[in-house]
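Both ligands and their constituent atoms are indexed starting at 1 by order of listing. It should be emphasised that the depicted structure is a prediction, and the values quoted were computed from it without experimental measurement.
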Amino acid sequence: MSSINRRTPQEIWDIALGDLQVQVSKPNFRTWFSKTVGISYQDNQFVIGVPNTFAAEYLEKNQRSLIEKSLVGLTSPQVKVVFRVNGKLHQPLPDKDDTVMTPPPPAFTRLNPNYVFDSFVEGNANRLARAAALSVAQTPGQVYNPLFIYGGAGLGKTHLIHAIGQQAAANHFNVICTSAEQFTNEFVASVRERNTEDFRNKYRSIGMLLIDDIQFIGGKEQTEESFFHTFNELHNTNRQIVITSDCPPKTMPLLEERLRSRFEWGLIVDIQPPDYEMRLAILQSKARRKGVNVPKEVLEYIAREAQNNIRALEGSLNRVCAFAKLLQTTPTLEIAVKALEDIGGKDTATPDDVTPTMIIEAVADSFQLSRDALVGRERDKDTALARRLAMYLIRQETNYSLDQIGQALGNRDAAAVTNACKKVGNDINVSPFLKRKLHDIQRHIRPKAGSASLA
Ligand code: ADP
Ligand code: MG
């Protein structure tokens, strides 16, 4: 008990997050958990700070019991979680079983009012997707049906689909905007409650169906079946369907063929990662909307540093502004450098702060080699071993793809990385020396986390 009392709410939450990270999918974790904080713990109530109402609603509805489970051992068996948005307590929804009994909310209550076309910056990366979205929003059911939008995390799919919903709702279309996950939950509940008829009627009666993150549905046979019928009923009567996904229909794993072919009936558009100009334009727009005066050189710096996705870009801008506010001054280049130095700059797309460079340096140090030797062409025994360990550790410690790891280590190909990881994985089982070496390096990279992944 006493060790619990000595931990701050943030420390408790950090440990719980470590636990949650392995229980939910990576994109899910990144989206919903990465910006949360442990605020307080008192009288069995654990308060978690979240960035917006959306996150609060999502976590409340979908992750509450998982979160409470992960906190039980760290706090008390009776712990209850409360979410707080910008300092305000989020009104908890009734327990899951109760929600099934309450009537569904009006169709467009879940649309995020910030996600409109006006605030969606256009660039080469999303021009086609935006134009297609605008045209289905203005003339639903008449141009492309379905409209299928795909792209990586944090590139604006949800923003765009909500923008469509809002525009159509403003034109008095009866819109349902939901995620594939929510659709599934709702369907499962309707089966349990034996009111699948209500479920079908609800979806049959609408003018436009927006489904976010359809990849979630793959492999859930009954839900796929139900979605298939919903899709057909709506499509046959020219009602607009818009779907987003993290990949195109043809590479969606576990998706039934008949659904895949339907997704390909209409128009498929992608959203690519933003280029520098677009990142800068987005930052300018976000700063203006925040009403903060950020000098151009600062925005340029952020645009250069945060490269992969727009969510990370926004996060960097917020961080810089928060730093400046703390120091009671306007954002300067110096503040921006300071604010972004410990989130790994260019690597902000990974949830972790461990970067390949850090790992390569730690490995090089440990072998008393230079960093250049590791990324270079030397093939002596020590260098080759160190290089393999670096590949293995980057694979373990970050979300970098095999290709990216190969690149970080002197443009080697993915197959070389795979072989290295396999070899190290086998070797550590028979070589205590190697195992200890890895432990040491890992401790060096993340002193707190220790070496759980090797245990
Ligand atoms: P996804 O659903 O693809 O993971 P989101 O739609 O949630 O991504 O976008 C992540 C964040 O980036 C949101 O805050 C969104 O408003 C912002 N965003 C994405 N694309 C744009 C854009 N083109 N212009 C302005 N903001 C954008
Ligand atoms: Mg999304």
Mark yes when over 12 heavy atoms from residues, nucleotides or ligands other than [X] sit less than 6.0 Å from its [atom1]; otherwise mark no.
X	atom1	value
K290	NZ	yes
N201	CG	yes
E334	CD	no
Q222	CD	no

Heteroatoms of the protein, restricted to N/O/S, which lie under 2.8 Å from the Mg ion (ligand 2): T158 OG1
Member of L393, T355, I394 meeting the side-chain contact (heavy atoms from CB on, under 4.5 Å) criterion with I360: I394
Can I get a per-line list of side-chain donor-acceptor pairs under 3.5 Å for residues 206-218, giving both atom names and the distance, sequence neighbours left out?
| from | atom 1 | to | atom 2 | distance (Å) |
| --- | --- | --- | --- | --- |
| D212 | OD1 | T244 | OG1 | 2.4 |
| D212 | OD2 | T158 | OG1 | 2.6 |
| D213 | OD1 | Q215 | NE2 | 3.4 |
| Q215 | OE1 | D246 | N | 3.1 |

Pair F199 and F183, ring centroids less than 6.0 Å apart: yes
Check: E68 side chain, K80 main-chain N or O, donor-acceptor pair, under 3.5 Å: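 No, the answer is negative, given that no donor and acceptor are paired below the 3.5 Å cut-off.
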E361: partners by side chain to side chain donor-acceptor pair (under 3.5 Å), with sequence neighbours left out: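 E361 satisfies side chain to side chain donor-acceptor pair (under 3.5 Å) with no other residue.
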Residues in the immediate environment of ligand 1 (any heavy atom closer than 4.0 angstrom): Y115, S119, F120, V121, N126, G152, A153, G154, L155, G156, K157, T158, H159, K286, I310, R311, E314
